[in-house]
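None of the values given here were measured: they were computed from a predicted structure. Because only heavy atoms are used, hydrogens play no part in the values below, and waters and symmetry mates are left out as well, while side chains stay in.
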Amino acid sequence: MAFLDINSVTKTFGPVQVLEDVNLSIERGEFVVFVGPSGCGKSTLLRMISGLEEVTAGTIAIEGEVLNDVEPAQRGAAMVFQSYALYPHMTTAQNMSFGLRMARKAKSFIRARIDEAAGILRLEALLDRRPGQLSGGQKQRVAIGRAIVREPRVFLFDEPLSNLDAELRVRMRAELMDLHRRLGTTMIYVTHDQVEAMTLADKMVVMHAGKVQQAGRPLTLYDDPDNRFVAGFVGSPTMNFIPAKVAGADASTVRLSAIGGTAEGALAFAGFDSAVATVEIGVRPEHMRVLADGESTDAPVVLDADVVLVEELGDVTYVHLHLPDGTRLIARAERGLDSHEGRMRVVPDMKRALLFGPDGARLRPAAWTAAA
């Protein structure tokens with residue numbers, strides 16, 4: 001039995017279905033990140049775990065205890081909100097201790113918990129300040145401190161860093177990772193930022209249209225996505241998707257034509273389904289090689305493309321390209337690229353390429369499927 005079990009959970013608001021048949025197991029001490037575009041249901045799922053939203057169907061259980069009818073304050077969960085939700089007239093210490101004071105805990109106990117949390121979060125010098133005297137990062141640490149003093153079974157974070165600037169977000173991510181390492185408590189974190197998710201998560205849960213698309217370790221989802229949505233959502237810049245027609249297949253190879261409009265080539269693929277007529281080839285930017293002018297190659301697929309934009313980011317250069325059929329590509333190139341305009345030839349690494357069917361599902365070689 002997992003520490004937290006979400007079983008066949010559905011959520012509707014009137015005629016609108018927000019979540020559909022969500023099943024998920026979270027182990028004790030995991031840092032789990034729910035990630036997906038706005039409106040996918042990730043925050044609603046978090047609020048149902050906390051008890052702020054009712055479950056329409058299914059069950060949510062912690063350590064075997066079904067929580068559906070348990071009051072939020074009795075669940076052992078502490079929520080950290082995007083807006084911080086601090087009382088402006090209270091000091092840092094008063095904000096952090098509010099829940100304990102409402103529970104009528106002893107003053108000595110409250111003082112000890114505040115001092116411990118302040119030490120963990122480096123808030124000792126800020127305990128007498130009010131929220132208006134704090135920076136965004138300091139407010140966020142106070143909100144986290146308010147959760148820590150309760151010693152919850154699980155921390156719930158609802159996009160807690162989205163109001164911070166880019167530099168501060170990076171610093172706060174590192175602080176959250178260190179906090180998780182020291183506390184060892186189960187943490188569930190909601191974000192729409194897949195880079196944030198990849199950085200923080202032990203387990204990443206990708207959601208779309210009210211369903212869990214795939215859950216697993218971040219690099220597993222990056223390298224081995226189950227469908228086109230996960231492949232396109234995880235990774236920055238996003239994966240390239242190149243349309244192609246199936247020209248034929250044998251026991252070990254699939255032959256493709258009209259790749260990006262005009263190119264042809266082949267891909268090692270055992271047991272390709274001959275009923276599939278069109279595919280999309282998924283190739284990440286780092287697996288697209290830009291050929292120098294006049295460079296020869298024996299690569300199985302070579303794409304001629306128009307240069308749209310060159311992004312020079314210091315340590316890396318990204319080239320944005322258009323194929324003859326209008327498909328847009330991004331290729332990672334060497335720093336100091338010679339040509340910034342006109343046409344280029346790019347070579348996708350077909351050994352690393354993934355195939356997706358017309359319905360967006362990942363097409364896997366028979367040998368891969370058997371091994372899995």
*Asks:* Met187 and side chain to side chain contact (heavy atoms under 4.5 Å, CB included): which single residue from Leu156, Leu179, Val32 fits?
*Replies:* Leu179
*Asks:* Where do Val230 and Pro225 come nearest, in terms of heavy atoms and distance?
*Replies:* CG1-CB, 3.8 Å
*Asks:* Locate the shortest heavy-atom distance separating Met90 from Gln94; write the atom from each residue and the value.
*Replies:* CA-OE1, 3.3 Å
*Asks:* Checking Asp193 against Thr191: is there a side-chain donor and acceptor pair closer than 3.5 Å?
*Replies:* no
*Asks:* Walk me through it: do Val307 and Leu321 pass the test side-chain contact (heavy atoms from CB on, under 4.5 Å)?
*Replies:* CA-CA 5 Å; Val307 178; Leu321 306 149; 3.8 Å; yes
*Asks:* Quick one: does Asp304's side chain get under 4.5 Å of Thr262's, heavy atoms only?
*Replies:* no
*Asks:* Please examine the side chains of Arg173 and Leu200, heavy atoms only from C-beta on, and report whether any two atoms are closer than 4.5 Å.
*Replies:* yes
*Asks:* May I ask you to test the His180-Met177 pair for a side-chain heavy-atom distance under 4.5 Å?
*Replies:* no
*Asks:* Salt bridge or not for Arg284 and Asp223, using N-O below 4.0 Å?
*Replies:* no
*Asks:* Are the side chains of Leu24 and Phe34 in contact, using a 4.5 Å heavy-atom criterion?
*Replies:* yes
*Asks:* For Arg104, look at atom CZ and say whether over 12 heavy atoms of other residues, nucleotides or ligands are found less than 6.0 Å away.
*Replies:* no
*Asks:* Are there more than 12 heavy atoms of other residues, nucleotides or ligands under 6.0 Å from atom CD of Glu286?
*Replies:* yes
*Asks:* Would you check if Leu363 and Val254 make a side-chain contact, meaning some heavy-atom pair closer than 4.5 Å?
*Replies:* no
*Asks:* Mind running salt bridge (charged side-chain N to carboxylate O under 4.0 Å, His left out) on Arg362 and Asp224 for me, showing each step along the way?
*Replies:* CA-CA 9 Å; Arg362 170 87 174 277; Asp224 189 21; 2.9 Å; yes
*Asks:* Any chance you could lay out the side-chain contact (heavy atoms from CB on, under 4.5 Å) test for Val234 and Met204, step after step, and finish with the verdict?
*Replies:* CA-CA 10 Å; Val234 177; Met204 187 161 67; 3.8 Å; yes
*Asks:* Specify whether Phe157 and Phe31 have parallel, tilted or perpendicular ring planes, treating 30° as the upper limit for parallel and 60° as the lower limit for perpendicular.
*Replies:* parallel
*Asks:* Can you name the closest pair of heavy atoms from Gly136 and Tyr84 and give their distance?
*Replies:* O-OH, 3.7 Å
*Asks:* Checking Thr297 against Glu295 for the side-chain contact (heavy atoms from CB on, under 4.5 Å) test, could you report, in this order, the C-alpha distance in whole Å, the side-chain angles of both residues, the deciding distance, and whether it holds?
*Replies:* CA-CA 7 Å; Thr297 180; Glu295 181 180 352; 5.7 Å; no
*Asks:* Considering all heavy atoms of both residues, which atom of Ala201 and which atom of Val33 are nearest to each other, and what is their separation?
*Replies:* CB-CG2, 3.5 Å
*Asks:* Quick check: are there more than 12 heavy atoms from other residues, nucleotides or ligands sitting under 6.0 Å from CZ of Arg101?
*Replies:* yes
*Asks:* Salt-bridge test for Glu63 and Arg28: reply yes if a basic N is under 4.0 Å from a carboxylate O, no otherwise.
*Replies:* yes
*Asks:* Which heavy atom of Pro72 sits nearest a heavy atom of Gly51, and at what distance?
*Replies:* CG-O, 3.5 Å
*Asks:* Using the side chain to side chain contact (heavy atoms under 4.5 Å, CB included) rule, pick out the option among Asn240, Val301, Ile281, Ile259 that qualifies with Pro348.
*Replies:* Val301
*Asks:* Do you see a donor-acceptor pair shorter than 3.5 Å between the side chains of Asn227 and Gln213?
*Replies:* yes
*Asks:* Could you tell me whether a side-chain N or O of Thr92 sits under 3.5 Å from a main-chain N or O of Leu126, the two making a donor and an acceptor?
*Replies:* yes
*Asks:* Are any non-hydrogen side-chain atoms of Met96 and Val142 less than 4.5 angstrom apart?
*Replies:* yes
*Asks:* Taking all atoms of both residues into account, what is the closest heavy-atom pair of Pro88 and Pro131, and its distance?
*Replies:* O-CD, 3.6 Å
*Asks:* With a 4.5 Å cut-off on side-chain heavy atoms, are Leu45 and Lys11 touching?
*Replies:* no
*Asks:* Would you check if the side chain of Thr56 reaches a backbone N or O of Thr12 as a donor-acceptor pair within less than 3.5 Å?
*Replies:* yes
*Asks:* Between Thr10 and Leu19, is the side-chain contact (heavy atoms from CB on, under 4.5 Å) condition met? List the steps.
*Replies:* CA-CA 5 Å; Thr10 294; Leu19 291 168; 5.8 Å; no
*Asks:* Could you walk me through whether Glu151 and Arg113 pass the salt bridge (charged side-chain N to carboxylate O under 4.0 Å, His left out) test, one step at a time?
*Replies:* CA-CA 9 Å; Glu151 296 185 307; Arg113 297 299 300 135; 3.7 Å; yes
*Asks:* On the 0 to 90° scale, with breaks at 30° and 60°, tag the His89-Tyr87 ring pair as parallel, tilted or perpendicular.
*Replies:* perpendicular
*Asks:* Given side chains that start at C-beta, do those of Val206 and Phe229 come closer than 4.5 Å, heavy atoms only?
*Replies:* yes
*Asks:* Rounded to the nearest 0.5 Å, how far apart are CG of Leu176 and CD of Glu196?
*Replies:* 8.5 Å
